[in-house]
Number of protein chains: 2
Amino acid sequence: MSKCEQCIVKQFNSLKHLSREELKRVSACKTSKIIKKGKPLFEEGDRINGVFCIKDGVCKVSKMSENGRNQIISLIKKGDIIGERSLISDEPANLTAIALDDMEVCFIPKEEIIKDLEKNPGFTMSVLKDMANTLKKADNVIVDMAQKTVKQRLAETLIRLKDKFDVTDDGIINLQLSREDFANIVGTATESAIRLLSDFKKRGLVEFKGKEFKILDTKSLEKIAQGF
Amino acid sequence: MSKCEQCIVKQFNSLKHLSREELKRVSACKTSKIIKKGKPLFEEGDRINGVFCIKDGVCKVSKMSENGRNQIISLIKKGDIIGERSLISDEPANLTAIALDDMEVCFIPKEEIIKDLEKNPGFTMSVLKDMANTLKKADNVIVDMAQKTVKQRLAETLIRLKDKFDVTDDGIINLQLSREDFANIVGTATESAIRLLSDFKKRGLVEFKGKEFKILDTKSLEKIAQGF
DNA sequence: CGATTGCTTGACCCCCATCAATCCTCGTGG
DNA sequence: CCACGAGGATTGATGGGGGTCAAGCAATCG
C-alpha cells in the first residue's frame, strides 16, 4: 500500500501540516478504497468515524430536502478531504457523497485524526481555516440562491466548474454530470436546466458532447450571471 | 469595567474553555462598546482584527448581493461570538452586522485570541465544533433556499425565531424586525413577505402588534413549512 | 434487441417580482 | 399641541419566470 509520507495529494490539503512522524502513524492505520462510479462514499445518517482523503476522482455531495428533491451542495475532487465535520461535531453525516467517476480514496480513522488535532496546532489551524473558507463560500451560495434567478445561477455554476476542474488543451471539461445533476446544483427542475442549457448552446456560449462540455464565451456567461 | 472571569455570558460560547488565567489576560485587553439600534457592529470589507462577544442585544448579519439586494444570513444574540471567521482566515469581513436594538458588546483583539487558539486545544476544538455546526446549518439553509417556496421558508423562519429567541410569558417575541427584514431573511420582495404574513395572520397562525409578534399555531406553521 | 433510463420540447398555470397608489405611524419643529 | 413630512406597511394590478405534466426521442445496457 502507498504511504502518506510520499503521497502527492496531501500537498493540497491540511495534511501537509503533519510532521513526517505523524504522517507515518496516519499511513499505518489508513485504508485505501476504490469507489465505483455512482456508488456512495457515505450517505446521510451514516456514522463515518473518520475522514476521507480523495486520491483521485470526483464526487457530488448532496442533501435530500423534505419534499424529496436532491440538492447538490458541493463537488469534491482530488486532494480534497471530506468527513471532518461529522468527525468534529461527533454526529452522523448529514450529507450524502456519491462518486461521479471511479474514485480512489483513503480512509483515516477518527482516533488518529483527533490525536493529531490535539497535538498539532498548525494542523488544527489549517482545518479551521479550511472550514472558515467553506463557510464563507456557503454564505455566498445562500445569497445567490435567495436572490438570483435560475439562469444567473446556472451561468455562474458553469464558470465555477471551469475554474475548479481540469480543462483539456481544447477547453473540454469532463465531469460526468447529468442534466439532473446540473438542475440539482442550481436548485431547479431538470427540464428548466435543460432549457436554459440548450439556450446557452444556441447562443454559442457553451458546447455539449454527451456529458463533456466546453465553455466558449466566459465573458457573456459572466454578464448573464450578473443579471443581463 | 466588568471582568470576563465573572461574566455570565461566556458560559454560552467557546470562551468557557479558557482557564481563569487566560480569561484574565483577555479581560485586560478587551474593550466594551455600546452599539445603538440601527448602527453597524462592522461592515463588509472592514478589517475587524478581533472578535465580538455579545453581552446584550441582537444584530442581523447580512450580505449585499450583486443586484443590490440585501440577504440576512443569520441573527446573533446575547452569548454569541462573531468575527472569528475573518480572524481565522485573516481577511476583511465579508458580512455586515447591524444592531436590531441597543447592544452591549465586548471586543477582544486578534492577537489575544490567536494566542489562546495556539495554546489551548480545548478552546480551539470548541471553536471548531461551533464552526462545524454553523456549516451544517448553512447547508440546510442552502437546501431550503433552493427547494422551498417563499411561503414555506417564511413559516420555517417564524418557527426558528420562536425557538431561538426569548419568549415572554404571554408568548410574545420582541425582535425589532421590520417587514423588510423578514423579506431579507426569506429572500423575497418586501411586499411578498407582507402578503404572506398577513395571510398567516388572517388564518390565526400569528399575531402582530407593531414589530412584536406571537406565534399562535406552531403545528400549522410546521405543516406549511413542509409544503401544505 | 427490447427495455429502462436519460434527454428534449411543448403546453399550461401558479408563484412571486415589480410598479403604483394609499394608508399608517412616528419623530420633528413650529 | 398640532401640522407635516418621511419612511414603513398594506393592498391592487400585471407580467414573466419557472414548476409540473405529458409525450416523443436518443442512448445505454443487459
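Chain letters run A, B, ... following the sequence lines, proteins first and then strands; every chain starts at 1.
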TODO: Considering just the side-chain nitrogens and oxygens of A/Thr190, establish if one lies under 4.0 Å of OP1 or OP2 belonging to C/dC7.
DONE: no

Open item on the list: Which label fits A/Phe182 and A/Phe213: parallel for a plane angle under 30°, tilted from 30 to 60°, or perpendicular past 60°?
Closed with: perpendicular

Open item on the list: I need the A/Arg195 CZ to A/Arg179 CZ distance, nearest 0.5 Å.
Closed with: 13.5 Å

TODO: Identify, between B/Glu191 and A/Leu196, the residue whose nearest nucleotide on DNA chain D lies closer to the 5' end.
DONE: B/Glu191

Open item on the list: Please report the distance, rounded to the nearest Å, between CZ in B/Arg153 and P in C/dC16.
Closed with: 7 Å

Open item on the list: Set out, in order, the CA-CA distance, both residues' side-chain angles and the distance that settles salt bridge (Lys or Arg N to Asp or Glu O under 4.0 Å) for B/Lys36 and B/Asp101, then state yes or no.
Closed with: CA-CA 7 Å; B/Lys36 284 282 178 192; B/Asp101 43 26; over 6 Å; no

Task: Ion pair check, B/Lys63 and B/Glu44, cut-off under 4.0 Å - done: yes

- [ ] Return the nearest nucleotide to the side chain of A/Arg179; candidates are C/dT8, D/dG18, D/dT11.
- [x] C/dT8

Open item on the list: Tell me the interatomic distance from B/Ile194, atom CD1, to D/dG8, atom C1', rounded to whole angstroms.
Closed with: 8 Å

Open item on the list: I need the CZ-P distance between B/Phe182 and D/dG8, as an integer number of Å.
Closed with: 16 Å

TODO: Let me know the distance between CD of B/Glu180 and P of C/dA17, rounded to the nearest Å.
DONE: 14 Å

Task: Along DNA chain C (nearest heavy atom to each residue), the more 5'-positioned of A/Ser178 and A/Ala146 - done: A/Ser178

Open item on the list: In this structure, how many angstroms lie between the P atom of D/dG8 and the CG atom of B/Leu100, rounded?
Closed with: 14 Å

- [ ] Using atom CG of B/Asp199 as one end and atom C1' of D/dA9 as the other, report the distance to the nearest whole Å.
- [x] 16 Å

Task: Candidate nucleotides D/dT11, D/dG19, C/dT9, ranked by approach to the side chain of A/Thr188 - the nearest - done: D/dG19

Task: Atom NZ of B/Lys110 with >12 non-hydrogen neighbours under 6.0 angstrom - done: yes

Open item on the list: Strictly below 4.0 Å: does B/Ser192 bring a side-chain N or O up to OP1 or OP2 of C/dA17?
Closed with: yes

- [ ] To the nearest Å, give me how far apart NZ (B/Lys211) and P (C/dC26) are.
- [x] 10 Å

Open item on the list: If I take atom CZ in residue B/Arg195 and atom C1' in nucleotide C/dC14, what distance separates them, rounded to the nearest angstrom?
Closed with: 15 Å

- [ ] From the options C/dT9, D/dT10, C/dA17, select the nucleotide whose nearest atom is closest to the side chain of B/Ala189.
- [x] C/dA17

Open item on the list: Between the base of D/dT20 and the side chain of A/Arg69, is one N or O donor paired with an acceptor at under 3.5 angstrom?
Closed with: no

